[in-house]
**Q** 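Take this structure first; my questions come after.
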Amino acid sequence: MLRPGRLEDHAVFARLFLELGVDDPPPPEPVWAAELARRSLFAEGPQGIGAYAVTETLGDFGFVVQLVVAPSERGQGLGRRMMTHLAEHLRAQGCTRWVLNVKRDNAPALALYTSLGMRPAREATTLRVTRAHLAALPAASPDGAVVPVTLEDCGALTEAFGMIPGKLVGFAASDSHRLLGLVDLQAPARRWLGMMDLRSGPLVYPFFAASPAQARTLLEDAFGRLGAGVSALNVSVTDDASLVRLLREAGAQTRLETLELRGSLVDAAP
């Protein structure tokens with residue numbers, strides 16, 4: 001049986017969240033209650049909760065934020081049944097396309113998602129970056145200033161960095177996100193040189209910069225805001241192989257490699 005999430009589901013959600021295998025801790029109960037419970041679905045059977053999913057409707061796109069199947073239920077088709085239901089759910093919300101992120105080395109999940117017509121659109125590498133690693137990047141750029149991102153800025157940032165429309169608006173309205181942008185001080189109109197979202201963990205995702213020097217400006221600002229008690233950040237770099245290479249050469253540890261998959265809900269037949 002599939003049912004909507006409830007506030008009291010936080011404990012089982014937090015337990016299954018660990019199966020994602022990421023460094024981030026499970027979102028705390030206040031974040032679950034405020035942001036996630038109402039967007040979640042749980043597969044519940046005689047043995048208890050077998051899987052959960054969190055989705056978000058972003059205009060034309062349906063975003064599968066998380067999908068986790070309990071270890072005891074894997075290999076029995078539950079993941080495919082969940083995706084079939086999610087496709088129907090997102091179509092009912094008016095979505096014609098869907099998108100999700102998956103670990104690059106998760107072969108079973110990739111096989112499932114590609115069988116549903118989803119294909120890689122972007123790739124991201126999450127690196128454990130310390131203050132010392134930033135010294136290997138070009139000197140911080142003097143051309144930009146880091147400023148808070150407002151709702152009015154989200155459209156221009158989305159276009160500048162090729163993000164899914166509506167995604168940043170949701171982040172900007174959430175208390176668990178801190179959106180910051182790097183704006184060109186020399187341009188007569190506001191021009192974006194980069195952006196980042198500071199989250200608990202601490203995690204920086206998404207993260208974009210027009211050059212390695214501007215990446216250094218953003219990350220030095222992030223460390224400054226978080227204070228001396230934070231010695232490292234998990235930074236998720238999207239579609240920027242040169243920045244990933246520089247940080248790896250400086251000693252930054254790779255924590256996660258993911259693919260963003262997109263597909264059509266009009267033609268999909270799970």
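Along the sequence shown, the residues carry numbers beginning at 1.
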**Q** Contact between T125 and L247 at the side-chain level, heavy atoms closer than 4.5 Å - yes or no?
**A** no
**Q** Hey, does P108 have a side-chain heavy atom less than 4.5 Å from the side chain of N106?
**A** yes
**Q** Report the residue from V183, D197, L179 that forms a side-chain contact (heavy atoms from CB on, under 4.5 Å) with V149.
**A** L179
**Q** Mind running side chain to side chain donor-acceptor pair (under 3.5 Å) on T238 and D240 for me, showing each step along the way?
**A** CA-CA 6 Å; T238 300; D240 193 340; over 6 Å; no
**Q** List for me each residue that meets side chain to side chain contact (heavy atoms under 4.5 Å, CB included) alongside A53, sequence neighbours excluded, and say none if there are none.
**A** L67, M82, L86
**Q** If I take atom CG from residue L110 and atom NZ from residue K103, how far apart are they, to the nearest 0.5 angstrom?
**A** 12.0 Å
**Q** What do the steps show when you test F171 against M163 for side chain to side chain contact (heavy atoms under 4.5 Å, CB included), and what is the final call?
**A** CA-CA 12 Å; F171 292 164; M163 288 178 279; over 6 Å; no
**Q** Please name the pair of heavy atoms, one in L157 and one in G194, separated by the smallest distance, quoted to 0.1 Å.
**A** CD2-O, 4.3 Å
**Q** If you apply the rule side chain to side chain donor-acceptor pair (under 3.5 Å), what do you find for E35 with S174, and how did you get there?
**A** CA-CA 8 Å; E35 301 177 19; S174 170; 2.6 Å; yes
**Q** Is there a donor-acceptor pair closer than 3.5 Å between any side-chain N or O of R225 and the backbone N or O of L198?
**A** no
**Q** Below 4.5 Å, heavy atoms only, C-beta onward: do L168 and M195 meet side chain to side chain?
**A** yes
**Q** Would you mind reporting whether D9 and F42 have side-chain heavy atoms less than 4.5 Å apart?
**A** yes
**Q** How about M118 and V102: do any of their side-chain heavy atoms sit closer than 4.5 Å?
**A** no
**Q** Given the rule that I, L, V, M, F, W and Y join up when any side-chain heavy atoms are under 4.5 Å apart, are V237 and L218 in one cluster?
**A** yes
**Q** Between V65 and V22, is there a shared hydrophobic cluster once you connect ILVMFWY residues whose side-chain heavy atoms come closer than 4.5 Å?
**A** yes
**Q** Answer yes or no on whether R39 is positioned over the face of F63, meaning its NZ or CZ is under 6.0 Å from the six-membered ring centre and within 45° of the axis.
**A** no
**Q** Taking all non-hydrogen atoms of both residues into account, name the closest pair between L182 and G144 and its distance.
**A** CD1-C, 3.6 Å
**Q** Does one hydrophobic cluster hold both V244 and F207, with members joined at side-chain heavy-atom distances below 4.5 Å?
**A** yes
**Q** When rounded to the nearest 0.5 angstrom, what distance separates CG in L7 from CG in L36?
**A** 11.5 Å
**Q** What's the shortest heavy-atom distance between P202 and A232, and which atoms?
**A** CG-O, 3.5 Å
**Q** Do D105 and E257 have side-chain heavy atoms sitting under 4.5 Å apart?
**A** no
**Q** Working to the nearest 0.5 Å, report the span between OH of Y205 and CG of L256.
**A** 10.0 Å
**Q** Is the backbone N or O of A34 less than 3.5 Å from a side-chain atom of R38, with the two atoms forming a donor-acceptor pair by type?
**A** yes
**Q** Distance check, rounded to the nearest 0.5 Å: S40 atom OG versus R3 atom CZ?
**A** 8.0 Å
**Q** With no hydrogens and no angle check, is any side-chain donor or acceptor of D239 less than 3.5 Å from a backbone partner on E123?
**A** yes
**Q** State yes or no: do V204 and F208 share one hydrophobic cluster built from I, L, V, M, F, W and Y residues joined by side-chain heavy-atom distances below 4.5 Å, directly or via other members?
**A** no
**Q** For L41 and T55, what are the C-alpha separation, side-chain angles and deciding distance, and is it a side chain to side chain contact (heavy atoms under 4.5 Å, CB included)?
**A** CA-CA 8 Å; L41 290 168; T55 65; 5.6 Å; no
**Q** State, with a plain yes or no, whether a side-chain heavy atom of F161 is found less than 4.5 Å away from one of P206.
**A** no
**Q** Starting at CG of D184, measure out to CG of L193 and round the result to the nearest 0.5 Å.
**A** 4.5 Å
**Q** As a quick check of understanding, evaluate side chain to side chain contact (heavy atoms under 4.5 Å, CB included) for F61 and K167, giving each step before the final call.
**A** CA-CA 10 Å; F61 273 100; K167 197 171 184 178; over 6 Å; no
**Q** How far apart are the C-alpha atoms of C95 and T57, what are their side-chain angles, what is the distance that settles it, and do they pass the side chain to side chain contact (heavy atoms under 4.5 Å, CB included) test?
**A** CA-CA 7 Å; C95 300; T57 300; 3.7 Å; yes
**Q** Test your reading of the model: is there a side-chain donor-acceptor pair from R119 to the backbone of T114, 3.5 Å cut-off?
**A** yes
**Q** What heavy-atom pair brings P165 and L58 nearest, and what distance separates the two atoms?
**A** O-CB, 3.5 Å
**Q** Locate the shortest heavy-atom distance separating A139 from A213; write the atom from each residue and the value.
**A** O-CB, 3.2 Å
**Q** Indicate yes or no for a side-chain donor-acceptor contact from H10 to the backbone of P27 under 3.5 Å, with no hydrogens or angles considered.
**A** yes
**Q** Sequence neighbours excluded, which residues qualify as side chain to side chain contact (heavy atoms under 4.5 Å, CB included) partners of A173?
**A** none
**Q** Any side-chain heavy atom of L233 sitting closer than 4.5 Å to one from F223?
**A** yes
**Q** Just wondering, are more than 12 heavy atoms of other shown residues or ligands nearer than 6.0 Å to CD in E8?
**A** yes
**Q** Hey, does the side chain of R91 reach the backbone of L265 with a donor-acceptor pair shorter than 3.5 angstrom?
**A** yes
**Q** Find out if a path of hydrophobic residues (ILVMFWY) with successive side-chain heavy-atom gaps under 4.5 Å connects L259 to L116.
**A** yes
**Q** Parallel, tilted or perpendicular, judged at 30° and 60°: which one describes the rings of H89 and H85?
**A** parallel
**Q** Taking R262 for its side chain and R97 for its backbone only, find out whether a donor-acceptor pair lies under 3.5 Å.
**A** no
**Q** So how far is it from R216 CZ to L243 CG, rounded to the nearest 0.5 Å?
**A** 12.5 Å
**Q** Okay, side chain of R74, backbone of V69: is any donor-acceptor separation there less than 3.5 Å?
**A** yes
**Q** Taking Q214 for its side chain and S211 for its backbone only, find out whether a donor-acceptor pair lies under 3.5 Å.
**A** yes
**Q** What pair of heavy atoms forms the shortest contact from P148 to D153, and how long is it?
**A** O-OD2, 3.9 Å
**Q** Check whether W32 reaches the backbone of R6 with its side chain - one donor and one acceptor, N or O, closer than 3.5 Å.
**A** yes
**Q** Does E159, at its CD atom, have more than 12 non-hydrogen atoms belonging to other residues, nucleotides or ligands within less than 6.0 Å?
**A** no
